[in-house]
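Lettering follows sequence order; numbering is per chain, from 1. Atoms considered below: every heavy atom in the structure, side chains included; atoms not considered: hydrogens, waters and symmetry mates.
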Protein chains: 2
Amino acid sequence: MPDTRTKLIDATIDVLRTDGITGVSARVVAARAQVNQALVFYHFGTLTGLIDAATRHAVDASADHYRSAFAEVGSLSALLNVGRQLHEAEQASGNVALMAQLMAGGQHDPALAAAARYGMDRWTAEIETVVARVLRTSVLSGFADAPGLARTVCASFIGLELYDGVDPAGGATALETLTHLAVLADAIDGLGPVARRAVTARLKTAGR
Amino acid sequence: MPDTRTKLIDATIDVLRTDGITGVSARVVAARAQVNQALVFYHFGTLTGLIDAATRHAVDASADHYRSAFAEVGSLSALLNVGRQLHEAEQASGNVALMAQLMAGGQHDPALAAAARYGMDRWTAEIETVVARVLRTSVLSGFADAPGLARTVCASFIGLELYDGVDPAGGATALETLTHLAVLADAIDGLGPVARRAVTARLKTAGR
DNA sequence: GTCTATAAGATGATAGAC
DNA sequence: GTCTATCATCTTATAGAC
């Protein structure tokens with residue numbers, strides 16, 4: 001039997017996933033946790049404090065999970081395909097949807113913004129490792145911006161899930177593009193040595 | 001002197017930008033519009049009805065604005081650079097931030113989801129025209145997925161603005177990547193005819 | 001179209017008994 | 001730690017006077 005703290009944290013994650021940031025209230029969360037409403041404030045001080053604790057907990061769990069998903073990724077096309085797999089798992093896990101709600105709330109709430117930063121830092125750290133590894137074995141080795149690329153990939157994925165949530169058809173169209181981009185990445189990586197050197201040279205002279 | 005309807009619509013857009021979807025209430029909006037609170041329901045039926053009308057109005061205006069911004073874009077790198085310019089203008093306009101809030105709310109509210117779909121359809125229509133034009137003159141002409149790419153670009157940009165809102169430093173890092181990607185796009189487009197044909201051939205055989 | 005007044009309920013948070 | 005009870009305030013929405 002979990003203690004009250006964990007019951008409240010689990011319930012908060014659940015409400016955030018099913019009803020979004022606008023659906024979270026001390027009473028709603030307490031009801032779902034089958035716990036007295038006043039205990040939210042006894043254990044976490046404020047409602048925001050509970051959301052903060054809950055989202056950090058959820059992010060810690062998902063970051064560990066993503067680490068193993070990315071472990072075997074060795075090429076840009078493989079990374080894009082893992083992106084597609086993560087999207088399929090997302091409907092059940094709701095990890096990205098939760099982060100999206102946290103970021104939306106964080107735009108105007110400093111405490112939620114801090115929690116969102118924590119989450120993005122953990123996620124981008126995982127992706128940055130993969131991106132850096134992938135870039136080394138690619139034509140794009142001259143393109144050394146792993147930190148920026150990791151953050152772009154991560155933020156883009158959140159945007160895509162948000163889009164998918166309001167327009168599944170449009171979201172599917174957008175996500176199919178990941179497959180096409182994977183093909184493109186393979187095409188560029190599969191170039192002969194001459195063309196490869198041409199791209200590399202151009203990247204070098206263009207600065208960065 | 002604008003009429004009450006317009007005052008309420010303008011105030012809603014304003015509240016959505018400054019306080020997000022969680023900050024919107026009939027009383028807050030009416031106060032900002034300097035209008036009686038009951039008039040929200042007289043003119044729009046429900047609060048959601050007002051948000052719906054306001055966001056559609058805002059999207060119509062921004063889509064027209066983006067059309068002219070994209071008019072002269074002729075290459076992939078130019079498109080990425082316009083993306084950077086739009087980000088700089090975003091702090092003042094708040095168009096993307098508003099769409100992000102609408103999409104976050106739309107995840108669990110069918111009416112807001114419909115408004116968000118309307119907005120994304122208008123925006124992607126603008127971008128799709130540019131993307132299709134850019135792809136024709138690029139090595140990627142074999143990569144014909146303009147609808148998917150337009151939606152991916154649009155959704156990604158929303159994710160990036162959301163990220164920038166909670167972590168300006170991280171957001172800046174991610175957005176700088178757009179510049180690097182523009183350089184990369186130019187490098188690939190600037191390949192000699194031999195390498196160009198190699199890429200094109202690989203894209204063709206890879207299907208799509 | 002606009003106003004006041006008000007219903008009917010939800011909200012974050014606290015005091016104090018146990 | 002957990003409970004009840006409560007405060008003060010906010011919420012959407014409506015009825016009815018002007």
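Between chain B and DNA chain C, the heavy-atom contact criterion of under 4.0 Å yields a 5' to 3' nucleotide range of C:dG1 to C:dT6.
Each of B:Arg27 and A:Val24 lies near DNA chain C, and the nucleotide nearest B:Arg27 is the one positioned closer to the 5' end.
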Which is it for A:Glu128 and A:Arg151 under the salt bridge (charged side-chain N to carboxylate O under 4.0 Å, His left out) test, yes or no, and what are the steps along the way? CA-CA 8 Å; A:Glu128 196 174 327; A:Arg151 281 164 178 78; 3.4 Å; yes

Intermediate values then yes/no, side-chain contact (heavy atoms from CB on, under 4.5 Å), A:Thr179 and A:Leu80: CA-CA 7 Å; A:Thr179 313; A:Leu80 288 160; over 6 Å; no

Could you walk me through whether B:Arg67 and B:Asp64 satisfy the salt bridge (charged side-chain N to carboxylate O under 4.0 Å, His left out) test, starting with their C-alpha distance in whole Å, then the side-chain angles of each, then the deciding distance to 0.1 Å, before giving a yes or no? CA-CA 5 Å; B:Arg67 195 198 328 270; B:Asp64 290 346; 3.0 Å; yes

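A heavy atom lying under 4.0 Å from DNA chain D marks the following residues of residues 33-46 of chain B, by number: B:Gln37, B:Ala38, B:Phe41, B:Thr46. Annotation: proximity of residues 102-111 of chain B to DNA chain D (heavy atom, distance under 4.0 Å) is found for no residue. Contacts of residues 9-18 of chain B with DNA chain C (heavy atom under 4.0 Å): none.
With rounding to whole Å, B:Asp19 atom CG is found 14 Å from D:dC10 atom P. Computed from coordinates, the B:Leu8 CG to D:dA13 P distance equals 14 Å when rounded to whole Å.
Residue B:His87 qualifies as enclosed at atom NE2: its count of foreign heavy atoms under 6.0 Å is above 12.
In this structure, A:Leu86 and A:Tyr66 have side chains that are in contact, with non-hydrogen atoms separated by less than 4.5 Å. Using a 4.5 Å heavy-atom cutoff, the side chains of B:Asp121 and A:Asp167 are in contact. Using a 4.5 Å cut-off on side-chain heavy atoms (C-beta onward), A:Leu8 and A:Val40 make contact. Within the 4.5 Å cutoff, side-chain heavy atoms of A:Phe157 are placed close to those of A:Val96.
Within the structure, side chain to side chain donor-acceptor pair (under 3.5 Å) contacts touching residues 96-112 of chain B (residues at least two apart or in different chains) do not occur. The stretch residues 34-54 of chain A participates, sequence neighbours left out, in these side chain to side chain donor-acceptor pair (under 3.5 Å) pairs: A:Asp52-A:Arg56.
To the nearest 0.5 Å, atom CD of residue A:Glu90 and atom CG of residue A:Leu98 are 9.0 Å apart. Going from atom OH of A:Tyr163 over to atom OG1 of B:Thr124 covers 5.0 Å, rounded to the nearest 0.5 Å.
Side-chain contact, A:Ser93 with A:Arg17: no donor N or O sits under 3.5 Å from an acceptor N or O.
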